[in-house]
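Let me begin by presenting the structure, written as structure tokens, before commenting on it.
Computed over heavy atoms, backbone and side chain alike; hydrogens, waters and symmetry mates excluded. Quick caveat: nothing in here was measured; it's all calculated off a predicted structure. Letters go in sequence order (proteins before strands), and every chain restarts at 1.
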2 protein chains.
Amino acid sequence: MQPPAPSPLRGVPSPLRATIADVAREAGVHASTVSRALNPATRGMVTEAVAQRVTEVADRLGWRPSAVAAGLRTRKSRTIGILVPDLINPIFPPILHAVETVLATQGYVTLVANTDNDAARESLLIERMATHLVDGLILASAAAGTDALSLCARFGIPAVLINRRMPEGAGCAAVSAVTNDDIHGIGLAVDHLVALGHRRIAHLAGPQGVSTARDRRTGFLDRMRHHGLEPAEITTAAAYTREAGRAAMAALLQGPAGTGPSGNEPGCTAVAVANDMLCLGVYDAMEAAGRRVAADISVTGFNDMPFVDRIHPALTTIRIQHDAMGRQAACILLAEMAEPGLARQSIRLVPELVVRASTAPPAKAP
Amino acid sequence: MQPPAPSPLRGVPSPLRATIADVAREAGVHASTVSRALNPATRGMVTEAVAQRVTEVADRLGWRPSAVAAGLRTRKSRTIGILVPDLINPIFPPILHAVETVLATQGYVTLVANTDNDAARESLLIERMATHLVDGLILASAAAGTDALSLCARFGIPAVLINRRMPEGAGCAAVSAVTNDDIHGIGLAVDHLVALGHRRIAHLAGPQGVSTARDRRTGFLDRMRHHGLEPAEITTAAAYTREAGRAAMAALLQGPAGTGPSGNEPGCTAVAVANDMLCLGVYDAMEAAGRRVAADISVTGFNDMPFVDRIHPALTTIRIQHDAMGRQAACILLAEMAEPGLARQSIRLVPELVVRASTAPPAKAP
DNA sequence: GCGGGCGCTGCAATCGATTGCAGATTTTTC
DNA sequence: GAAAAATCTGCAATCGATTGCAGCGCCCGC
């Protein structure tokens, strides 16, 4: 006669969850056998009958693996970190969603954090994530002059950049990136404005620390030159935020003294803006100055973020492939984690022009 | 003579990072002493001189704590899980941001995941988070009939609901919640419409599985009754999405046969919508049907999500306290984690009406 | 009938930090 | 000056799972 088997939850107190040792005892095998039976990858190493029994007992006891314990031994946490500069910008959620979806199918969970465009905070977050032994990192936040990549290298964490790339030949370790062809994209906007008849076109650039802003600026200049036009003006917003857009546009509307035909008119009939978020501020500034979008000054955005089709007037912008961007980045990361030696790759997605109501032929000069 | 001290990184290979044992050896003390010296909470237990030396060596060797190893021993991961139904809905990022900010000051990192409004996915995510030993959970996703709370209870994970609450007396374990006063909020919308002169007011309700949708529906009915009015019509959207809003509004515009004055007119001059996201669809449907927002039918939203001030016409809506909501939830969670016996609390934040351009007096009957 | 081989299972070490307990040292107290 | 108390530090166990190695049994072939 044996004493009655311990109750499944063995006295509710501390070990709220059954461990592999509990299962082993109950099933009459060694813990290592339980481990092998319960891990799909090693299940083939034990007899099917044993595996069955172990599985059955594990279920009955409500056993759940401890990712922490396993991670300690294997040095893998099955966790991926994702850093975004600003979750409030609606282009990120769709990208995140795609990343998450791909990673979830492989059993990874994601640690998402906002850097708030703050390099120090970014470093801190990477440190914390390293502490948590993330298996990989997706960086949508890396700006120039950031330690992000060197930290990753130091901790040996594979990383993939998204919607950002490092300056060419910046001497930093090569890293894969998934970006848009921003140069081409802003070119589409310029072409569209020129086709409408605009000649005096300004550019409202983004913060020059990030590659998207630099590329769009460069692309703008290139394409203007291609059309044989001089840029009417270039202002730079301090950040990719609505408020920075408002401030920059307000400055642009006043115009450098004497540039405009009548002296204090803005020197342009259209402005190609570096990003949709900035456009919201542009609209704000124009409203405040009593200028009409499209009728007085045409505006183009960049990103086609959700909801800009419903702002008034609906924004003409450059659509990027949010979803593909997230998916690709996740896939590349998975590949590089599986095979660390893999050659780095840089994918550039092609954007397209979406014409809505914020652009129109220039108003006739009086 | 001693052999040369091992180089700081001791042969680059596997132990990319120094461990506490490395520091101990280098500093000539025991690992437990290192642990105490490096942990702010126990630093007082060792001599200041020793603590200094240990800290110095740890720095030199580039030691980083392993949250995984510590977590295994302490059963705390310093990680908090956050579940949202749909990150694409712009009300969530600000809430998340607030939560993250509060938790970050306490050294927690956040594991964010989308449930996509799918109960099965939600359960899976909670299981995975339990596996990762999250210390607490913030649920912005819990709908009725979900296992979320029982799972949390089973795993012993403290949880706080946000923007959702459980049906009263549903027999489920008590849990703290931070919500809006939705009943009051929708009442503000009704009051506003009535004050403008509307009498035939419809309600476009949200999916009745979630408490916000139920409360707003109830609040609408109550307030209408208060004014002595019959609800013109109530349609229910299948989800809090733009598309569901479009479909529901399209149905409402056709109206039940013969309800409208001319037989197929919508039976209302205004519609109080359960949520801003739905309003985007409402606008879409009205545009498709050739009806003007405000001029033909007034529309009110709920949430004051970012950017609805720029849609056309700018949406009159009910502003909720995104930021306070996130902060409060985080604080409550921290408190309950520190002291599990703490009484559960339910905080109800008060919303306010923001009048913009989507509401106007009813058009005069011809 | 015996050695080789193979398949399965158990043993024990390990991942890195934490912590109760005990021994060693110093300080306090009478 | 001795006993008691306080203060540090080291020892060793522990958290829960993984895994290299060894051993055991069984089957097969010669």
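Closest to the side chain of B/Asn39, from the set C/dA17, C/dT18, D/dT18, is C/dT18.
Nucleotide D/dC8 holds its C1' atom 15 Å from the CZ atom of B/Arg43, rounded to whole Å. Whole-Å rounding puts the A/Arg64 CZ to D/dA17 P distance at 12 Å. Atom CD1 of A/Ile20 is separated from atom P of D/dA17 by 5 Å (rounded to the nearest Å). Distance A/Arg78 CZ to D/dT18 P: 11 Å, rounded to the nearest Å. A straight line from CG of B/Leu38 to C1' of C/dG16 spans 13 Å, rounded to a whole angstrom.
Checking each of A/Leu83, A/Ile80, A/Ile82 against A/Met129 for a side chain to side chain contact (heavy atoms under 4.5 Å, CB included) leaves exactly one that passes, namely A/Leu83. The residue from A/Arg344, A/Glu336, A/Gln345 that alone fulfils the side-chain hydrogen bond (donor to acceptor under 3.5 Å, both in side chains) condition with A/Ser176 is A/Glu336.
Residues B/Glu26 and B/Trp63 form no side-chain contact, since every pair of their non-hydrogen atoms from C-beta on lies 4.5 Å or further apart. In this structure the side chain of B/Pro94 reaches within 4.5 angstrom of the side chain of A/Ile88, judged on heavy atoms.
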Can I get a per-line list of side-chain donor-acceptor pairs under 3.5 Å for residues 44-53 of chain A, giving both atom names and the distance, sequence neighbours left out?
from	atom 1	to	atom 2	distance (Å)
A/Glu48	OE2	A/Gln52	NE2	3.2
A/Arg53	NH1	A/Ala27	O	2.4

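For residues 323-335 of chain B, the side chain to side chain donor-acceptor pair (under 3.5 Å) pairs, not counting sequence neighbours, are B/Asp323-B/Arg327.
In the model, A/Thr55 has a side-chain atom that pairs as donor or acceptor with a side-chain atom of A/Arg43 under 3.5 Å. Judged purely by distance below 3.5 Å, without hydrogens or angles, the side chains of A/Arg78 and B/Thr131 never pair a donor atom with an acceptor atom. In this model, a donor atom of one side chain and an acceptor atom of the other lie less than 3.5 Å apart for B/Asp116 and A/His97.
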Review point. How does each nucleotide of nucleotides 7-13 of chain C score, in 5' to 3' order, for protein heavy atoms under 4.0 Å: base (B), sugar-phosphate only (S), or none (-)?
Key: -SBBBBB

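Here B/Arg75 reaches the OP1 or OP2 of D/dG16: one of its side-chain N or O atoms lies under 4.0 Å away. Phosphate contact (OP1/OP2 of D/dT18, side-chain N/O of A/Ser35, threshold under 4.0 Å): present. Here B/Trp63 reaches the OP1 or OP2 of C/dA17: one of its side-chain N or O atoms lies under 4.0 Å away.
Contacts of B/Ser66 with the nucleic acid, taken as non-hydrogen atoms under 4.0 Å apart, involve only primed sugar atoms and P, OP1 or OP2.
Between B/Glu127 and B/Arg121 there is no salt bridge, since none of the side-chain N atoms of the basic residue sits less than 4.0 Å from a carboxylate O of the acidic one.
End-to-end axis angle of the helix from C/dG1-D/dC30 to C/dC30-D/dG1, using five pairs per end and rounding to 10°, comes to 40°.
Every residue was checked against the salt bridge (Lys or Arg N to Asp or Glu O under 4.0 Å) condition with B/Asp135, not counting sequence neighbours, and none meets it.
Annotation: proximity of residues 124-135 of chain B to DNA chain D (heavy atom, distance under 4.0 Å) is found for no residue.
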